[in-house]
**Student:** 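Here it is, the structure in full.
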Amino acid sequence: MKHSPVANIEFIKQVNTASVYRLIDEQKQISRVDLAKLSELAPASITKMTRQLMAAGLIKEVAQQASTGGRPAISLTCEIEPFVFISCKLGRNNLTIALHDIAGTKLIDNRAALSTAPDNDVIPFLLAQIADFISANITPDTQTLIAIAVTSPGLIDRESGTIVYLPKHNLKDIPLGKLLTKAFNVPAYIANHTQALSLAELYFGAAQDCQDSVLLSVHDGVGSGIINNGKIFTNYNNQVGEIGHIRIDPLGLPCHCGSHGCLETIASNEAILKQVKGLIKQGHETSLTLEGLTIEAICNAANSGDELAVQVLQRVSKLLGQSIAIIVNLFNPQKVLIKGEIVAAKNLIFPMIEHSVQQHALGSFVPNLIISEAEFQNEPSMAGVALVRKALLEGSLLSYIINEQTLS
């Protein structure tokens, strides 16, 4: 399909304006002269774009810089407080809603149990919770809502904003992005939580120093987010990285995907708890008890040398390592980051994972590979922050704000 010259010109303007805004965001304070030098855009273009950004309230002039002779330059900086967005994590059991300013700083958050959703219908519940959250936490006179991001497990089509399949809540082909935009009149960004969180690690976390990384999330399920050349690795329908459904044991337990012996049936939190409970019921000696058993308790017991807890986590780590080795052989990442409650036993699990990877991955891929814990262990809204910041700094959300502010 051919694009019209007008469309191409508008796209170039969007890209250039985003580049200028990104430089101001990165530099915190910068003059128009320095903007022209760093962006390699004409001074006249810089003047026009910064005037547009100022008219939209996205940037402002600040105190003059020290003069080096001649007329002193005036610095530009980003406006932060007037613009806010909402980031939601639609989990298996809980809904987290957080308010962030345009720079990504969290202002307030709230959590609700999804078991309280009427008739277990989580989509109307989500929309109602967001509406109540906006009413309670956003002041229309001083704050402008610019976007809503929702991340969840399951299969998500990011381009269309569709929940393709989320088995826990029996959701299939739900156009959540369109529903949110219709309800709240702002752009909506929908993505698989682990994939979006891998982007957050790239932008703000433990993967900032590399362009190729894998985030492995061990929680209610086992998922992965792959960053390749500084971008989320994906395909035509945005559904990749289902490491939890790599078959590890063909004779293993049935998985909700329809197969048997998937990694998720062995290494997820639920699977770990099931293994430990089974061994306790069989009479194996341990300091753990069935009452109030948690992953945290298992990790603490393992750290204290409890043989049962150690054996279970060692087996889980070995199989995680085998699965990671498959990813390493396919993508040769610089880093593998691990997120989940089991990281509390990192002194036990990381050496076992590393040993298993060394056994099963290509020898030339292993020496420079770093396996470490992810930075965002308990910050569910950071995944949505990455989606919004990506849209802002790449230009699409920036253009929306400029157009809306110009019309208002």
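By convention here, the first residue in the shown sequence is residue 1.
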**Student:** Using only atom types and a distance under 3.5 Å, with no angle test, would you say the side chain of Ser399 pairs donor to acceptor with the backbone of Gly395?
**Tutor:** yes
**Student:** Quickly, which of Asp34, Leu38, Thr77 forms a side-chain contact (heavy atoms from CB on, under 4.5 Å) with Gln27? Name it, please.
**Tutor:** Leu38
**Student:** Do you know the tightest heavy-atom contact between Ser268 and Gly221?
**Tutor:** CB-CA, 4.0 Å
**Student:** To the nearest 0.5 Å, what is the distance between CD1 on Ile402 and CD on Gln14?
**Tutor:** 9.0 Å
**Student:** For the residue pair Leu273 and Ile298, what are the closest heavy atoms and their distance?
**Tutor:** CD2-CD1, 3.8 Å
**Student:** Check Gly321 against Val357 and note the closest heavy-atom contact, atom names and distance.
**Tutor:** O-CG2, 3.5 Å
**Student:** Which pairs, with at least one residue in residues 316-336 and sequence neighbours excluded, count as a ring pair (Phe, Tyr, Trp, His ring centres under 6.0 Å)?
**Tutor:** Phe233-Phe331
**Student:** Is a donor on one side and an acceptor on the other found under 3.5 Å between the side chain of Thr181 and the backbone of Val186?
**Tutor:** yes
**Student:** Heavy-atom distance under 4.5 Å between the side chains of Lys274 and Lys277, does that happen here?
**Tutor:** no
**Student:** Below 4.5 Å, heavy atoms only, C-beta onward: do Leu99 and Ile86 meet side chain to side chain?
**Tutor:** yes
**Student:** Could you give me the CA-CA distance, side-chain angles and deciding distance for Val62 and Gln29, then say whether side chain to side chain contact (heavy atoms under 4.5 Å, CB included) is met?
**Tutor:** CA-CA 8 Å; Val62 291; Gln29 290 189 21; 3.8 Å; yes
**Student:** Let me see the working for Leu337 and Ser372 under side chain to side chain contact (heavy atoms under 4.5 Å, CB included), right down to the final yes or no.
**Tutor:** CA-CA 5 Å; Leu337 305 174; Ser372 63; 3.3 Å; yes
**Student:** Is a side-chain N or O of Thr151 found less than 3.5 angstrom from the main chain of His193, in a donor-acceptor match?
**Tutor:** no
**Student:** Test Glu270 against Arg92 for salt bridge (charged side-chain N to carboxylate O under 4.0 Å, His left out), laying out the working first.
**Tutor:** CA-CA 12 Å; Glu270 181 181 352; Arg92 285 177 167 85; over 6 Å; no
**Student:** Who are the ring pair (Phe, Tyr, Trp, His ring centres under 6.0 Å) partners of Phe85, not counting sequence neighbours?
**Tutor:** His100
**Student:** Would you check if Leu320 and Ile342 make a side-chain contact, meaning some heavy-atom pair closer than 4.5 Å?
**Tutor:** yes
**Student:** Going by salt bridge (charged side-chain N to carboxylate O under 4.0 Å, His left out), name the pairs with one or both residues in residues 160-173, residues two or more places apart or in two chains.
**Tutor:** none
**Student:** Return each pair, listed once, that meets ring pair (Phe, Tyr, Trp, His ring centres under 6.0 Å) where at least one residue sits in residues 300-320; pairs must be two or more places apart or across chains.
**Tutor:** none
**Student:** With a 4.0 Å cut-off on N to O distance, would you call Glu394 and Arg389 a salt bridge?
**Tutor:** no
**Student:** Listed by chain and number, what are the side chain to side chain contact (heavy atoms under 4.5 Å, CB included) partners of Pro351, not counting sequence neighbours?
**Tutor:** none
**Student:** Measure the shortest side-chain to side-chain distance between Gln208 and Tyr203 over non-hydrogen atoms and say whether it is less than 4.5 angstrom.
**Tutor:** no
**Student:** Would one find more than 12 heavy atoms of other residues, nucleotides or ligands at under 6.0 Å from atom CD of Glu296?
**Tutor:** no
**Student:** Out of curiosity, Asn192 CG to Ile156 CD1, how far, rounded to the nearest 0.5 Å?
**Tutor:** 6.5 Å
**Student:** Check whether any side-chain heavy atom of Ile401 lies under 4.5 Å from a side-chain heavy atom of Leu392, and answer yes or no.
**Tutor:** yes
**Student:** Keeping the roles fixed (side chain from Thr265, backbone from Cys262), state whether a donor-acceptor pair exists under 3.5 Å.
**Tutor:** yes
**Student:** Which residue pairs satisfy the salt bridge (charged side-chain N to carboxylate O under 4.0 Å, His left out) criterion with at least one member in residues 99-116, sequence neighbours excluded?
**Tutor:** Lys106-Asp109
**Student:** Can you check whether Gly91's main-chain N or O pairs, donor with acceptor, with His169's side chain at less than 3.5 Å?
**Tutor:** yes
**Student:** Could you tabulate the donor-acceptor pairs under 3.5 Å formed by side-chain atoms of residues 124-136, not counting sequence neighbours?
**Tutor:**
none

**Student:** Are Asn16 and Met49 side-chain neighbours, meaning at least one heavy-atom pair lies under 4.5 Å?
**Tutor:** yes
**Student:** Indicate the atoms forming the closest heavy-atom contact of Ser213 with Pro333, along with that distance.
**Tutor:** CA-CB, 4.1 Å
**Student:** Distance-only, no hydrogens or angles: does the Gln377 side chain make a donor-acceptor pair with backbone N or O of Gly340 under 3.5 Å?
**Tutor:** yes
**Student:** Is it the case that the side chain of Gln275 and the backbone of Ala271 share a donor-acceptor pair, with hydrogens and angles ignored and the cut-off at 3.5 Å?
**Tutor:** yes
**Student:** Kindly state each residue pair satisfying salt bridge (charged side-chain N to carboxylate O under 4.0 Å, His left out) with at least one member in residues 332-360, sequence neighbours excluded.
**Tutor:** Asp209-Lys335, Lys346-Glu373
**Student:** Distance check, rounded to the nearest 0.5 Å: Ile324 atom CD1 versus Leu319 atom CG?
**Tutor:** 11.0 Å
**Student:** Do Thr139 and Thr142 have side chains that approach each other closer than 4.5 Å (heavy atoms only, starting at C-beta)?
**Tutor:** yes
**Student:** Verify side chain to side chain contact (heavy atoms under 4.5 Å, CB included) between Tyr21 and Leu53, making sure each step is shown before the conclusion.
**Tutor:** CA-CA 8 Å; Tyr21 180 82; Leu53 290 168; 4.3 Å; yes
**Student:** Between Gln334 and Asp212 (side chain of the first, backbone of the second, donor and acceptor by atom type, cut-off under 3.5 Å), is there such a pair?
**Tutor:** yes
**Student:** List, one per line, each side-chain donor-acceptor pair under 3.5 Å for residues 282-290, sequence neighbours excluded.
**Tutor:**
{"unit_1": "Gln282", "atom_1": "OE1", "unit_2": "His284", "atom_2": "NE2", "d": "3.4"}
{"unit_1": "Thr286", "atom_1": "OG1", "unit_2": "Leu288", "atom_2": "N", "d": "3.1"}
{"unit_1": "Thr286", "atom_1": "OG1", "unit_2": "Asp306", "atom_2": "OD1", "d": "3.0"}
{"unit_1": "Thr286", "atom_1": "OG1", "unit_2": "Asp306", "atom_2": "OD2", "d": "2.9"}
{"unit_1": "Ser287", "atom_1": "OG", "unit_2": "Asp306", "atom_2": "OD2", "d": "2.9"}
{"unit_1": "Thr289", "atom_1": "OG1", "unit_2": "Glu291", "atom_2": "O", "d": "3.4"}

**Student:** So Phe11 and Val15, side chain to side chain contact (heavy atoms under 4.5 Å, CB included) or not? Walk me through it.
**Tutor:** CA-CA 6 Å; Phe11 177 72; Val15 170; 3.7 Å; yes
**Student:** What distance separates Ser19 OG from Leu35 CG, expressed to the nearest 0.5 Å?
**Tutor:** 9.0 Å
**Student:** Can you tell me how far apart CD1 (Ile226) and OG (Ser198) are? Round to the nearest 0.5 Å.
**Tutor:** 8.5 Å
**Student:** Checking Glu375 now: which residues fulfil side chain to side chain contact (heavy atoms under 4.5 Å, CB included) with it, not counting sequence neighbours?
**Tutor:** Glu201, Ala206
**Student:** What distance do Asp25 atom CG and Ile59 atom CD1 have between them, rounded to the nearest 0.5 Å?
**Tutor:** 11.5 Å
**Student:** Heavy-atom distance under 4.5 Å between the side chains of Leu23 and Glu26, does that happen here?
**Tutor:** yes
**Student:** Kindly say whether Leu41 contributes a backbone atom to a donor-acceptor pair with the side chain of Ser45 at under 3.5 angstrom?
**Tutor:** no
**Student:** Give every residue pair that meets the ring pair (Phe, Tyr, Trp, His ring centres under 6.0 Å) criterion with at least one member in residues 293-323, sequence neighbours excluded.
**Tutor:** none
**Student:** Provide the closest heavy-atom pair for Ala361 versus Val366 in the form atom of the first, atom of the second, distance.
**Tutor:** CB-CG2, 3.8 Å
**Student:** Which heavy atom in Asn303 sits nearest to a heavy atom in Ala344, and how many Å separate them?
**Tutor:** ND2-O, 3.1 Å
**Student:** For residues 78-88, which residue pairs qualify under salt bridge (charged side-chain N to carboxylate O under 4.0 Å, His left out), counting only residues two or more places apart or in two chains?
**Tutor:** Lys60-Glu79
